[in-house]
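All values derive from a computational prediction rather than experimental measurement. Order of the sequence lines fixes the chain letters, A, B, ..., with proteins taken first and strands second; residue numbering starts at 1 for each chain.
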Amino acid sequence: MKELSAKYNPSEVEDKWYSKWMEKKFFHSEPDEREPYTIVIPPPNVTGILHMGHVLNNTLNDVLIRKARMDGKNACWVPGTDHASIATESKVVARLKEQGISKEDLTREEFLRYAWEWKEEHGGIILKQLRKLGASCDWDRTRFTMDPDLSEAVISTFVHFYKKGLIYRGVRMVNWDPVGLTAVSDEEVIHKDTQSKFYHLRYYVSDGNGGRTDKYIVVATTRPETIMADAAVSINPDDERYGWLKGKKVLIPLINKEIPIIEDSYVEIGFGTGCLKVTPAHDANDYAIGLRHNLPITDIIDDHGRLNENAVILIGEDRFVARKKIEKMLSEAGLLEKVEDYVSPVGYSERTDAVIEPKLSTQWFLKMEGLAKVALDSVESGRTRLIPDKYRNTYRHWMENVRDWCISRQLWWGQRIPAWYLPDGTIVVEENAEKALEAARKIDPALTAADIRQDEDVLDTWFSSWLWPISVFDPGLPGHPEHKPNADLAYYYPTNDLVTGPDILFFWVARMIMAGDEFLGKEPFSNVYLTGIVRDKIGRKMSKTLGNSPDPLDLIAKYGADAVRIGMLLCSSAGNDIFYDESQVEQGRNFCNKIWNSYRLITGFEVSDSAAQPAAASSAVEWFRAKLSSTIETVEDHYSKFRISDALMSVYRLFWDDFCSWYLEIVKPAYADGKPLPLDRATYDATIGFFDALLRLIHPVMPFITEELWQDLAPRGRIRSGRHRRPPRHASAEKYSPEAASLAESQGILPRKGCRRRQETRRRGFHRRGECLGRRRVLHDRHERTLRSARRPRGHRRGDCKDREGSRVPEAFPRLRP
RNA sequence: GGAAGAUUAGCUCAGUCGGUUCAGAGCACCUGCCUUACAAGCAGGGGGUCGACGGUUCGAAUCCGCCAUCUUCCACCA
């Protein structure tokens with residue numbers, strides 16, 4: 001018997017396989033005659049580090065891909081990272097700031113050089129971390145959304161939609177992030193209820209000559225610092241209280257600018273004072289009112305959220321400082337009627353957590369109407385299946401109410417918008433500067449390269465992510481639907497399953513469906529498995545600021561990657577949030593140890609070719625064979641329904657209860673003279689076969705320990721590289737054999753389920769009197785101590801053997817030994 | 001404010017067609033055991049008015065209504 005420690009040591013085993021699996025070509029896949037099974041990774045931020053959400057997501061991905069690989073499919077999991085413009089750029093800016101460099105002092109080229117340096121230095125750490133988790137990606141296919149050819153795909157896509165007339169430039173009220181200094185999409189704004197104040201201000205009615213009358217109205221606002229941008233005060237036309245106001249003008253407090261009273265039914269009579277200050281430049285609704293009433297627009301807030309010269313007063317002050325100061329000024333001027341505490345929803349930037357400033361600006365948009373219809377139809381028709389399907393409702397709602405997609409971002413890190421402005425303001429959109437110049441010269445042959453100017457903005461990161469399932473295989477295709485897909489794309493596309501979080505169902509999943517339809521006429525995947533959010537034990541979201549998120553690498557070091565994977569999967573039924581608790585990882589670790597020790601037992605068996613197989617052993621073999629088959633069927637069924645944690649639990653119980661507690665306890669040889677008796681050949685071979693099958697069954701979930709033991713169990717030959725080197729999975733599930741079952745039953749070998757609970761056992765009448773005593777008697781001469789705690793399988797209760805007279809034991813009870 | 005989903009043991013969750021595979025699993029807990037694979041273990045045990053109320057039915061965890069609580073998404077009333 002080999003010397004194996006009684007405790008499984010994951011780090012030893014994992015280091016070994018980790019480095020093997022990192023070898024080039026190990027999980028590499030090329031198109032061949034087999035059926036492909038493909039997953040593209042939801043690309044993590046290139047500068048991100050592994051958190052529990054990644055662990056959940058990538059464990060699920062890896063389970064699926066390893067399962068497919070063992071099923072004999074040509075499994076390909078494409079890894080990669082996302083350039084994440086806002087997140088990465090703000091990290092680079094912060095880092096430069098530490099070095100005393102401000103972004104404004106750099107040219108675009110200089111800044112990008114820093115950014116790439118940073119990316120080379122810190123980027124891709126997360127992919128190495130994923131390998132620690134056992135992710136069996138095809139590392140040779142690693143892609144980055146800003147790889148040159150992938151960027152070209154993005155540019156081509158822009159040109160494609162522009163020429164199709166779906167991309168336009170327009171002035172819109174956008175969500176401005178004054179910290180990130182960029183517009184963000186509606187989806188990137190998080191509304192949070194925020195404690196603020198409701199200021200009631202006096203607006204005096206104008207006397208018509210720049211002076212004020214003694215009449216005034218009270219306007220309630222949460223943003224007094226924007227009064228200088230007011231274009232009107234609006235009342236509801238049906239508000240009888242203010243009938244006298246109609247046609248009058250009022251003066252903006254402090255600056256005494258005259259603005260008209262307008263009537264608009266948007267104003268609710270019952271809310272606030274019934275008077276609404278209309279500030280078209282700084283509120284989306286006010287902007288809409290402004291358009292209706294043709295009001296002038298005064299923009300008083302600059303990109304950094306400071307008041308600009310249009311504000312007349314408090315120029316240069318930050319908007320929140322200005323709010324405090326203006327409160328004081330108003331109060332001193334006797335224009336502040338009262339201040340109430342007020343909780344109102346305020347939009348925050350998802351990336352920088354800055355308060356979003358509604359701001360008018362010129363942006364690029366992609367028309368969504370037609371695309372959304374396609375994406376909706378794909379899910380409604382079931383061509384793309386959402387798991388769990390409760391998300392179909394939210395998906396439909398979103399798709400039916402989608403607005404045009406603002407695709408420009410005022411950043412440098414990303415794909416620059418391929419639009420060039422001619423001196424007269426004409427826009428040409430082409431894939432590169434040369435083509436743009438060529439197009440420009442068709443308009444004005446005198447133009448030179450110096451005369452045309454490229455748009456400064458870059459594209460939204462999702463504008464590259466939505467091409468991901470296509471561009472990782474064939475970056476030449478997006479934007480060129482007339483091209484023939486290359487061999488990779490033709491073979492791997494559409495991919496099979498996508499595992500991702502529901503938070504990016506619209507950002508990413510829906511848009512990938514749109515792009516897939518646009519360029520290939522096919523959905524990029526058939527199943528979308530939506531995971532839950534990883535929360536801590538008491539239900540809080542994992543977050544850095546709360547400090548409740550464990551570092552997955554620490555966990556892996558402590559418990560092993562297999563244990564971490566199990567810990568995540570145990571509690572992750574699809575779509576439910578995950579309540580992470582370290583004790584689940586412990587459970588995983590314990591299971592690893594159980595497997596390890598069962599292996600120690602099995603490899604310690606001495607085999608005798610001459611020994612006859614005891615009847616108990618032969619029925620145990622038959623019983624377990626049936627049990628194994630039926631469990632394999634169950635597990636397959638669970639997998640087919642994406643019930644991964646159920647699949648895991650089925651194998652867990654099969655391995656632990658049925659195999660270890662029942663089967664091994666029955667067949668393991670007795671001791672004589674302090675030495676174990678040898679095991680007969682038939683039982684031994686069967687046992688090895690079962691163990692082999694069990695390892696393969698649990699391998700997708702626990703790749704490290706199963707790889708180690710399976711390689712050790714029998715000579716496996718040289719490990720092949722390049723393809724999956726596992727045998728094509730356990731043979732198709734054998735049918736459950738009723739004969740074996742009844743034989744096992746007649747021998748008193750009971751499946752665990754049958755005797756776990758007393759009632760059930762009684763009802764089924766499985767137990768014969770004396771059965772347990774029989775086992776106890778046999779065990780008695782094995783060891784004195786064993787008597788007190790007879791090693792019976794779980795669930796085999798003492799309570800069933802109330803009558804303990806030794807004499808009642810039936811003679812023929814051949815369970816544990818010959 | 002609108003929508004969707006959830007509520008089953010201390011915790012996390014299964015429960016498919018309304019009925020002898022319906023009170024289930026894992027963990028946790030309690031008791032006894034360092035035993036020759038494993039104390040990261042073994043054996044045994046306790047534990048639930050299936051959120052409340054009403055209805056349909058011969059029969060309801062399951063179907064319907066209503067209420068309560070929770071979660072998420074959408075919207076933003078200044």
Nucleotides 3-8 of chain B: which of its N/O atoms have a protein N/O under 3.5 Å away?
residue: B/A4; atom: O3'; partner: A/N393; partner atom: ND2; Å: 3.3

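- Between A/F659 and A/Y663, a ring centre-to-centre spacing shorter than 6.0 Å is recorded.
- Among residues two or more places apart in sequence or in another chain, the side-chain contact (heavy atoms from CB on, under 4.5 Å) test is passed with A/R172 by A/Y168, A/V174, A/F365, A/D404.
- Sorted by first and then second residue, the salt bridge (Lys or Arg N to Asp or Glu O under 4.0 Å) pairs with a member in residues 642-652 of chain A read A/R643-A/D646; sequence neighbours excluded.
- Inspection of the A/K277 and A/T226 side chains reveals an N or O donor paired with an N or O acceptor under 3.5 Å.
- In this structure, the ring-ring contact (aromatic ring centres under 6.0 Å, His included) partners of A/Y342, at least two apart in sequence or on a different chain, are A/F198.
- Here the side chain of A/R535 is nearest to one of B/G26, B/A37, B/U71, namely B/U71.
- A/I578 is listed as a side-chain neighbour of A/L56, based on a closest heavy-atom distance under 4.5 Å.
- Atoms CG (A/N9) and C1' (B/A37) sit 17 Å apart, rounded to a whole Å.
- Taking A/W405 as the reference, A/F463, A/W466 meet the ring-ring contact (aromatic ring centres under 6.0 Å, His included) condition, with sequence neighbours excluded.
- Of the candidates B/U71, B/U36, B/G41, the closest approach to any side-chain atom of A/Y671 belongs to B/U36.
- Listed by chain and residue number, nothing satisfies the salt bridge (Lys or Arg N to Asp or Glu O under 4.0 Å) test with A/E606 (two or more places apart in sequence, or in another chain).
- Within residues 216-225 of chain A, the residues that have a heavy atom under 4.0 Å from RNA chain B are, in order of number, A/A220, A/T221, A/T222.
- For RNA chain B, runs of at least 3 consecutive pairs of the Watson-Crick or G-U wobble type, with both hydrogen-bonding distances under 3.5 angstrom, map to B:1-7 with B:68-74, B:10-13 with B:24-27, B:29-33 with B:41-45, B:53-55 with B:63-65.
- Looking at residues 586-598 of chain A, you'll see A/Q587, A/R589, A/N590, A/N593, A/K594, A/N597, A/S598 sit with a heavy atom under 4.0 Å from some atom of RNA chain B.
- Considering only heavy atoms from C-beta on, A/T631 comes within 4.5 Å of A/V635 through its side chain.
- You'll find that the side chain of A/N285 is closest to B/C76, out of B/C76, B/A78, B/A40.
- Electrostatic pairing of A/R589 and A/E582 does not count as a salt bridge here, judged by no charged N lying under 4.0 Å from a carboxylate O.
- B/C13 adopts an anti glycosidic conformation, its chi angle falling more than 90° from 0.
- A/D239 pairs by the salt bridge (Lys or Arg N to Asp or Glu O under 4.0 Å) definition with A/R241, not counting sequence neighbours.
- For the side chain to side chain donor-acceptor pair (under 3.5 Å) test, residues two or more places apart in sequence or in another chain that qualify with A/E357 are A/R223, A/R319.
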Got a list of protein N/O to nucleotides 61-63 of chain B N/O distances below 3.5 Å?
none

